[in-house]
Amino acid sequence: MVTVEAAKKIIAKHINPLGKETVPLQECRGRFLAENILASFPMPRFDNSAMDGFAVRAADTIGSTKEDPVSLKLIGGIAAGEPGDLRLAKGECVQCMTGAPVPDGADAVVMVEDSSGYDNGDTIKIFLETKPGRHIRYKGEEIEEGATLIMQNEVITPAELGTMATFGYGEAQVYRNPRIALFATGDELVEPGRRLEPGEIYNSNLFVLSDLTTKQGANIMMHETIADDPNALKLFLSRALKECDVIISSGGVSMGKYDYVREIFSELGVEEHFWKVSQKPGKPLFFGTNSDTLIFGLPGNPVSCFIGFMEWVWPVLNMIMGGRDQELIPAILTTTFPRDRYKTRFLFGKAWFQEGHLVCAPSSKVGSHMLSSSLNANCIIRTDPGDSHLSAGRSVQLRILPWKPIT
Ligand code: AMP
Ligand code: MG
């Protein structure tokens, strides 16, 4: 049996980011960048108007008021998207819409609301005195040409997508998505929607694993419920080992008479790096490799399986896809936490802000078979081994479940 820390170190030695690929911007969401994104031009790319109105020479508006307006000669108009090759002389103005290039000779824009308005002939009255630079967005004021906009390994969210689009990137280099094989094993498993016979249970783990894998953005290539039957397991696994980057299983990896998974892994040439981890729940956790394929055998108990994925598989998927492991965050217990004397303990919990501090409470259901402990949870609480229970007021570490906000 290895400690959680030792097991993490073993895994770290065997994981590398997958290869890179160039994909259209439309397919970049949720992916991790495999290149730095640079500003291909300054932003703004040219001096342009921040308002709909009139480009003017500020000096021409000195002393102007609503009661005693200055009159300027309108010499043309520029809409957004037009090149704007007009030149403004003393006493002149140009109709200039938001985003349109500011014409040469102008050094300010007056909002249409502060003028006699459009379509009033060739003489425009200006109702206020403006200053040089007013309502002009200057070339390069936001970003210089060549600046690094987004660093490699950043996840692509709406902000990154928008920024890449702003600078004209039609595609980007990202890390390849992992190909995943998922399976649950157990003679007792029945798919939801079917009728249960005595002794049978519904297969919940495969739903949890599928959703978690999809949330990570990985591609599920193979997905099956398999009986406790060595031949059926062998058939599935020999194909998965050839075609997938990561194999994730639930059940059949413990000490039971019909737990064949570990034996079949070994028969198929999987190198075992550890099997049991000093943690509760989920002690019989298997990790192995076969050339570049990573294999995680999670226990079948539903909480062990769910928490096992979040603690062991989720960070690995994140890292091979080019991301970073999520930091655990400290929070203060509001109730007692049943720490384990010898093992690292994980429980689903709820975290929230109380008087500006992050606090949390574990689920009162602590059995590894009690999946309802995951309902309403927005975090997994982790404690190191220790002699006595941790009381309210003590600090613990949280892994936030990223799809459930802290409220
Ligand atoms: P095992 O790890 O195969 O020994 O299973 C441990 C416990 O988890 C048993 O009570 C199983 O019935 C249960 N279990 C195994 N697989 C699943 C599954 N896919 N969904 C729900 N419960 C499961
Ligand atoms: Mg079983």
Side-chain angles (χ1 to χ4, degrees), residues 1-2 7 180-215 218 220-237 240 244 246-268 270 272 274-288 295-314 340 343 345-348 363 365-375 377 380:
M1 187 145 71
V2 289
I180 311 284
L182 293 179
F183 70 96
T185 175
D187 285 346
E188 72 278 34
L189 301 178
V190 173
E191 297 312 307
R194 301 242 179 101
R195 216 169 69 93
L196 286 180
E197 298 298 335
E200 293 179 335
I201 62 159
Y202 286 121
N203 176 6
S204 59
N205 290 351
L206 209 51
F207 284 84
V208 173
L209 296 180
S210 305
D211 189 39
L212 294 174
T213 305
T214 309
K215 277 189 176 17
I220 300 173
M221 312 298 289
M222 296 174 66
H223 176 274
E224 229 168 273
T225 305
I226 307 174
D228 291 314
D229 165 18
N231 289 326
L233 286 167
K234 225 181 278 181
L235 201 67
F236 180 91
L237 278 171
C244 294
V246 185
I247 301 174
I248 306 158
S249 66
S250 127
V253 77
S254 196
M255 297 298 291
K257 185 162 186 295
Y258 308 105
D259 288 343
Y260 298 117
V261 170
R262 187 167 164 246
E263 185 183 315
I264 304 298
F265 283 153
S266 159
E267 265 183 51
L268 294 176
V270 172
E272 178 176 310
F274 59 78
W275 173 40
K276 286 179 177 166
V277 178
S278 174
Q279 63 174 4
K280 188 176 180 172
K283 184 177 75 171
L285 172 73
F286 175 97
F287 172 66
I295 298 108
F296 291 91
L298 300 169
N301 266 314
V303 176
S304 313
C305 180
F306 192 158
I307 290 185
F309 188 103
M310 287 312 296
E311 286 303 320
W312 299 94
V313 185
W314 181 275
D340 188 89
K343 297 180 194 151
R345 181 135 205 209
F346 300 101
L347 285 176
F348 279 113
S363 168
K365 295 176 184 167
V366 297
S368 62
H369 55 299
M370 299 177 174
L371 190 58
S372 61
S373 66
S374 65
L375 293 172
I380 295 168

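Being a predicted model, the structure only gives us computed values, none of them experimental. For ligands, and for the atoms within them, numbers begin at 1 and follow the listed sequence. Numbers here simply count residues along the sequence, with the first being 1.
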Requested in this report: Give, for atom OG of Ser363 and atom CD1 of Ile380, the distance between the pair rounded to the nearest 0.5 Å.
Outcome: 12.0 Å
Report task. Would you please name every residue forming a side-chain contact (heavy atoms from CB on, under 4.5 Å) with Met370, sequence neighbours left out? Result -> Lys365
Report task. Check each of Lys280, Arg345, Lys283 against Asp340 using the salt bridge (charged side-chain N to carboxylate O under 4.0 Å, His left out) test, and report the only one that passes. Result -> Lys280
Query raised in the report: To the nearest 0.5 Å, how far apart are OG in Ser304 and CG in Leu298?
Result: 9.0 Å
May I have every N or O pair linking ligand 1 to the protein at under 3.5 Å, one per line with atom names and distance?
from, atom 1, to, atom 2, distance (Å)
ligand 1, 2 (O), Gly300, N, 2.9
ligand 1, 3 (O), Gly252, N, 2.9
ligand 1, 8 (O), Gly300, O, 3.1
ligand 1, 8 (O), Asn301, N, 3.2
ligand 1, 12 (O), Glu188, OE2, 2.6
ligand 1, 14 (N), Gly300, O, 3.2
ligand 1, 19 (N), Asn203, OD1, 2.8
ligand 1, 20 (N), Ser204, N, 3.1
ligand 1, 20 (N), Asn205, N, 3.3

Report summary line: Minimal heavy-atom distance between Glu188 and Gly199, with the atoms involved, is CB-O, 4.1 Å
**Report entry** Crowding at OH, Tyr258 (>12 non-hydrogen neighbours, <6.0 Å)
**Finding:** no
